[in-house]
Amino acid sequence: MSDTRGRCSYCYLDAGRSNVKMCARCRWTQEWRDAIQRWSLWALNLRNQPDNFLSKHLFCVELVKRDNVQNPRKQFRMIAGEVMTREKVLSLITEMKCPARAINSFKNDLRGNHTVQIMIIAEGLVKFLWFGQRDPVTGQTVPLKDLSEDPDHANIFAQYWEEAMIDVIQKGDPTLTNDYPKNVVFKMLPNLKGIVSRPKDGSGPITVTRRK
């Protein structure tokens with residue numbers, strides 16, 4: 001029987017005495033959680049999806065551990081990412097021989113149309129994360145789809161997210177996620193049918209005004 005004093009306090013897997021508070025996978029996830037949520041919204045492209053899209057799809061990333069790295073933000077690098085159907089995720093975790101209780105839990109865990117589901121694969125193990133948005137007054141879950149977002153811009157962000165996310169995680173700095181919209185806008189400058197502008201002091205969002 002494994003030593004329970006060496007278990008991760010987050011996922012409760014055996015992490016060893018030196019990692020007694022949290023295993024490497026969970027420490028990395030905690031450091032990157034906010035960034036991952038932003039990448040998931042770009043990838044899922046909710047602005048251009050049907051209202052039931054989130055109930056049928058997950059945002060998935062695969063990581064591999066780096067050797068001899070102590071900084072928790074840099075302990076893993078990303079090798080792939082994909083928006084997967086629930087059917088594909090079920091097939092994948094079955095092929096990975098995940099415990100039957102975990103597979104059944106996934107089958108029964110239906111989060112509906114207003115919750116983003118995230119799957120992280122690392123070191124042969126799977127971790128699921130979820131997040132949604134609630135009305136600050138009523139506390140009710142509300143849709144994550146932003147109808148004010150330009151559909152064309154949303155499509156562009158969904159086109160380039162995987163390569164950009166891999167690069168940001170490789171650099172080990174979650175705050176670089178903030179640069180993704182700006183980088184995509186400048187990358188697409190020759191093809192944009194609009195005028196790109198930004199505040200003179202460099203703060204605030206970059207906007208694209210459509211040419212008439």
Side-chain angles (χ1 to χ4, degrees), residues 2-45 54 57-86 88-99 101-103 105-106 109 111 115-132 157-184:
S2 62
D3 186 350
T4 58
R5 290 173 293 179
R7 290 187 181 274
C8 169
S9 61
Y10 187 82
C11 68
Y12 208 58
L13 290 173
D14 192 354
R17 289 290 191 88
S18 62
N19 298 313
V20 66
K21 291 185 178 180
M22 192 175 287
C23 71
R25 290 177 297 274
C26 291
R27 285 199 307 270
W28 185 91
T29 301
Q30 290 293 86
E31 292 283 348
W32 283 89
R33 189 180 188 112
D34 290 346
I36 292 171
Q37 290 180 0
R38 294 191 67 188
W39 288 108
S40 72
L41 291 175
W42 286 317
L44 289 163
N45 190 10
L54 288 180
H57 296 81
L58 286 81
F59 174 70
C60 309
V61 296
E62 184 174 1
L63 310 172
V64 294
K65 199 171 189 305
R66 301 188 201 190
D67 295 330
N68 303 316
V69 175
Q70 299 302 316
N71 185 335
R73 293 183 174 186
K74 297 182 178 182
Q75 286 188 321
F76 290 87
R77 62 183 179 87
M78 177 178 162
I79 59 174
E82 184 179 345
V83 174
M84 292 187 185
T85 63
R86 286 186 61 85
K88 186 170 182 178
V89 170
L90 179 59
S91 176
L92 180 61
I93 62 177
T94 301
E95 290 176 6
M96 293 177 64
K97 301 187 184 303
C98 289
R101 65 180 181 278
I103 295 174
S105 177
F106 174 76
D109 190 10
R111 300 280 173 146
T115 301
V116 172
Q117 304 172 79
I118 299 170
M119 179 176 71
I120 299 174
I121 303 173
E123 298 184 292
L125 297 173
V126 174
K127 176 188 288 291
F128 290 100
L129 306 174
W130 305 267
F131 75 94
F157 293 147
Q159 183 177 352
Y160 295 103
W161 71 269
E162 183 185 15
E163 178 184 354
M165 185 178 180
I166 288 174
D167 181 62
V168 167
I169 291 178
Q170 179 68 27
K171 292 174 180 175
D173 185 356
T175 65
L176 294 177
T177 297
N178 299 330
D179 294 336
Y180 178 60
K182 174 188 66 178
N183 293 340
V184 169

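In summary, Asp167 and Lys171 engage in a salt bridge, as defined by a charged side-chain N under 4.0 Å from a carboxylate O.
Minimum interatomic distance between Glu82 and Trp161 (heavy atoms only, all atoms of both residues): N-CH2, 3.6 Å. Nearest heavy-atom pair, Ile103 versus Cys98, reported as atom, atom and distance to 0.1 Å: CD1-O, 3.5 Å. Looking at every heavy atom in both residues, Trp32 comes nearest to Arg73 through NE1-O, 3.0 Å. Gln75 and Ala24 make their closest contact through OE1-CB, 3.5 Å (heavy atoms, listed as atom of the first residue, atom of the second, distance). Here the closest non-hydrogen pair linking Lys74 and Gly172 is CG-CA, 3.7 Å. Minimum heavy-atom separation, Lys127 to Cys26: NZ-SG, 3.0 Å.
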*Let me see the working for Leu58 and Phe128 under side chain to side chain contact (heavy atoms under 4.5 Å, CB included), right down to the final yes or no.*
CA-CA 10 Å; Leu58 286 81; Phe128 290 100; 3.8 Å; yes
(Q) Please determine whether side chain to side chain contact (heavy atoms under 4.5 Å, CB included) holds for the pair Val89 and Cys60, giving the CA-CA distance in whole Å, both sets of side-chain angles, and the decisive distance to 0.1 Å. (A) CA-CA 9 Å; Val89 170; Cys60 309; 4.0 Å; yes
Apply side chain to side chain contact (heavy atoms under 4.5 Å, CB included) to Arg25 and Leu63, showing your working. CA-CA 9 Å; Arg25 290 177 297 274; Leu63 310 172; over 6 Å; no
Is there a side chain to side chain contact (heavy atoms under 4.5 Å, CB included) between Ile118 and Phe131 once you walk through the steps?
CA-CA 9 Å; Ile118 299 170; Phe131 75 94; 3.9 Å; yes
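Relative to the six-membered ring of Phe106, Arg101 misses at least one condition, a distance below 6.0 Å or an angle of at most 45° to the axis. Under a cutoff of 6.0 Å and an axis angle of 45°, Arg111 and Trp130 form a cation-pi pair.
With hydrogens and angles ignored, the 3.5 Å screen pairs a side-chain donor or acceptor of Asn183 with a backbone N or O of Asp179. Within the 3.5 Å criterion, the main-chain N or O of Gln170 finds a donor-acceptor partner in the side chain of Arg66. Looking only at distances, a side-chain donor or acceptor of Glu162 sits under 3.5 Å from a matching main-chain atom of Gly81. A donor-acceptor distance shorter than 3.5 angstrom exists from the side chain of Ser40 to the backbone of Gln37, with no hydrogens or angles considered.
Applying the 6.0 Å contact sphere to CZ of Arg86 captures more than 12 heavy atoms from other residues, nucleotides or ligands.
Each of Ile36, Ile166, Ile120 was scored for a side-chain contact (heavy atoms from CB on, under 4.5 Å) with Met78, with one residue passing: Ile166.
Between atom CZ of residue Phe76 and atom CD of residue Glu62 there is a gap of 12.0 Å, rounded to the nearest 0.5 Å. The distance from atom CG of Leu54 to atom CD of Gln117, rounded to the nearest 0.5 Å, is 7.5 Å.
For Trp39, the ring-ring contact (aromatic ring centres under 6.0 Å, His included) partners at least two apart in sequence or on another chain are Trp42, Tyr180.
No side-chain heavy atom of Gln159 sits under 4.5 Å from any side-chain heavy atom of Val184. Side chains of Leu44 and Val116 form a contact here, defined as non-hydrogen atoms less than 4.5 Å apart.
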